[in-house]
Structure formats: C-alpha cells, structure tokens
K.L.:
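Right, I'll just put the structure down here and ask away after.
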Amino acid sequence: MEQKKEKSYHHGNLKKALVDSAMEIIAEEGYKSLTLRKVAVHAGVSVGAPYRHYKNAEELLSEVASEGLKILSRKIKKKIEQKPKNYLWQFQSSGIAYVELAIEHKELFRI
C-alpha cells in the first residue's frame, strides 16, 4: 500500500481524523480491509491512538456508517429545498439521492 502523507490533528480532533482516514481507506480498499492499525497509520498517529475512542474496528465502522447517514441526509435536504411545496417530487428525489449515494460511495453504502 502506498504510504499516505502524514496528517496532523495537533491533538485537536483525533476522532474526526480517524473517521476521515477510515472513510478514505474504505473508499480505496473496501470496508473489509479496515483495521484500527491501518487507520492510525493513514491518519499519522500512533497505533494505540484509535483505542482512545474505539474498542475495535467494528465500533469505528459504526461511526463511519453514521457519517454515511449524515451525507445521505444532506443530499436529501438539498433535493427537498429545490421544490419546497412539491411533496411527490421531494419523495422521488429522496429516492434518487439514496441511489446516488450508493453509486458515489459504494463501500460506504455497503456498511
């Protein structure tokens, strides 16, 4: 695997740095390849750092899934705002946003 340039979270938001790194790894390699060690290396932190927030990779995957739902929610909200009084169109557009997420973020969608 290609070495990523080190990211510095400056002891600020370690949790966000780990989730962002996990999402990048998942997009590149698939969710089944995710390990806390790999996320730590990718984020440029010690291999023990992820354990401050997660007991195991499954807990981190749960957090990533939550981020995926936030992405979906933003996509749907953006669609709905285009035609605020056309409820049928909003319903259809919400479904389209769901499918777009599945196409744009295949591995994230699988989680």
Side-chain angles (χ1 to χ4, degrees):
M1 179 175 115
E2 173 182 315
Q3 182 84 19
K4 295 283 180 186
K5 75 176 186 177
E6 284 195 23
K7 298 176 187 178
S8 177
Y9 68 98
H10 297 96
H11 300 287
N13 197 341
L14 173 61
K15 196 170 190 178
K16 181 176 178 354
L18 296 171
V19 171
D20 290 347
S21 290
M23 289 181 73
E24 290 175 16
I25 292 167
I26 289 166
E28 294 170 9
E29 302 175 28
Y31 74 93
K32 290 182 180 180
S33 70
L34 192 75
T35 65
L36 290 180
R37 176 179 285 277
K38 191 180 282 189
V39 170
V41 169
H42 189 276
V45 299
S46 74
V47 295
Y51 292 96
R52 293 183 189 142
H53 295 286
Y54 307 104
K55 291 180 186 173
N56 51 43
E58 288 78 22
E59 281 192 4
L60 178 55
L61 278 173
S62 178
E63 187 85 22
V64 170
S66 178
E67 287 300 312
L69 289 173
K70 290 176 188 174
I71 292 168
L72 177 60
S73 178
R74 286 191 299 268
K75 288 177 84 57
I76 290 172
K77 184 177 180 183
K78 189 174 180 181
K79 296 263 188 198
I80 287 173
E81 289 172 348
Q82 292 176 10
K83 295 189 181 182
K85 297 196 183 215
N86 188 333
Y87 304 114
L88 178 59
W89 186 89
Q90 291 177 352
F91 181 71
Q92 291 169 335
S93 294
S94 296
I96 291 169
Y98 184 79
V99 172
E100 287 173 349
L101 178 75
I103 292 169
E104 294 167 7
H105 303 280
K106 289 179 180 113
E107 289 297 318
L108 181 59
F109 184 77
R110 288 183 176 145
I111 296 171

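In what follows, residues are counted from 1 in the order of the sequence shown. Just so you know, these numbers use all the heavy atoms, side chains as well, and skip hydrogens, waters and symmetry mates.
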K.L.:
Does a side-chain heavy-atom distance below 4.5 Å link F109 with E104?
P.N.:
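Side chain of F109 against side chain of E104, heavy atoms only: no contact under 4.5 Å found.
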
K.L.:
State yes or no: do V64 and Y98 share one hydrophobic cluster built from I, L, V, M, F, W and Y residues joined by side-chain heavy-atom distances below 4.5 Å, directly or via other members?
P.N.:
yes

K.L.:
Is there side-chain contact between S93 and I80, with heavy atoms separated by less than 4.5 Å?
P.N.:
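The answer is no; the side chains never approach within 4.5 Å.
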
K.L.:
Which atoms form the tightest heavy-atom contact between L108 and G68, and what is the distance?
P.N.:
CD2-CA, 3.8 Å

K.L.:
Search all heavy atoms of P84 against all heavy atoms of E81 and return the closest pair with its distance.
P.N.:
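Result for this residue pair: CD-O, 3.6 Å.
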
K.L.:
Going from NE2 on H105 to CD1 on I71, what distance comes out if it is rounded to the nearest 0.5 angstrom?
P.N.:
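Here the interatomic distance stands at 5.0 Å.
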
K.L.:
Test side chain to side chain contact (heavy atoms under 4.5 Å, CB included) on H53 and E63; report intermediate values, then the result.
P.N.:
CA-CA 10 Å; H53 295 286; E63 187 85 22; over 6 Å; no

K.L.:
Within the structure provided, determine whether R74 and K70 are in side-chain contact (heavy-atom separation under 4.5 Å).
P.N.:
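They are in contact (side-chain heavy atoms under 4.5 Å apart), so the answer is yes.
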
K.L.:
Indicate yes or no: does R110 engage E107 in a salt bridge with an N to O separation below 4.0 Å.
P.N.:
yes

K.L.:
Nearest 0.5 angstrom please: L34 CG to L60 CG, how far?
P.N.:
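It is 5.5 Å, given to the nearest 0.5 Å.
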
K.L.:
Do you know the tightest heavy-atom contact between Q82 and W89?
P.N.:
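Shortest heavy-atom separation between Q82 and W89 comes out as OE1-CH2, 3.2 Å.
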
K.L.:
Using every non-hydrogen atom in the two residues, find where L18 and A43 come nearest and quote the distance to one decimal.
P.N.:
CD2-CB, 4.4 Å

K.L.:
Which residue pairs satisfy the salt bridge (charged side-chain N to carboxylate O under 4.0 Å, His left out) criterion with at least one member in residues 89-103, sequence neighbours excluded?
P.N.:
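Found K75-E100, K79-E100.
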
K.L.:
Can any side-chain N or O of Q90 pair as donor or acceptor with the backbone N or O of K83 at less than 3.5 Å?
P.N.:
yes

K.L.:
What distance do K78 atom NZ and S73 atom OG have between them, rounded to the nearest 0.5 Å?
P.N.:
13.5 Å

K.L.:
Quick one: OG on S66 to CG on L61, what's the gap to the nearest 0.5 Å?
P.N.:
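One gets 12.5 Å once the value is rounded to the nearest 0.5 Å.
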
K.L.:
Please tell me if the side chains of V19 and M23 come closer than 4.5 Å, counting only heavy atoms from C-beta onward.
P.N.:
yes

K.L.:
Kindly say whether A17 contributes a backbone atom to a donor-acceptor pair with the side chain of S21 at under 3.5 angstrom?
P.N.:
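Side chain of S21 to backbone of A17: a pair is present.
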
K.L.:
Calculate, to the nearest 0.5 Å, the distance between atoms CG and CD belonging to L36 and E58 respectively.
P.N.:
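So the CG of L36 and the CD of E58 are separated by 8.5 Å.
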
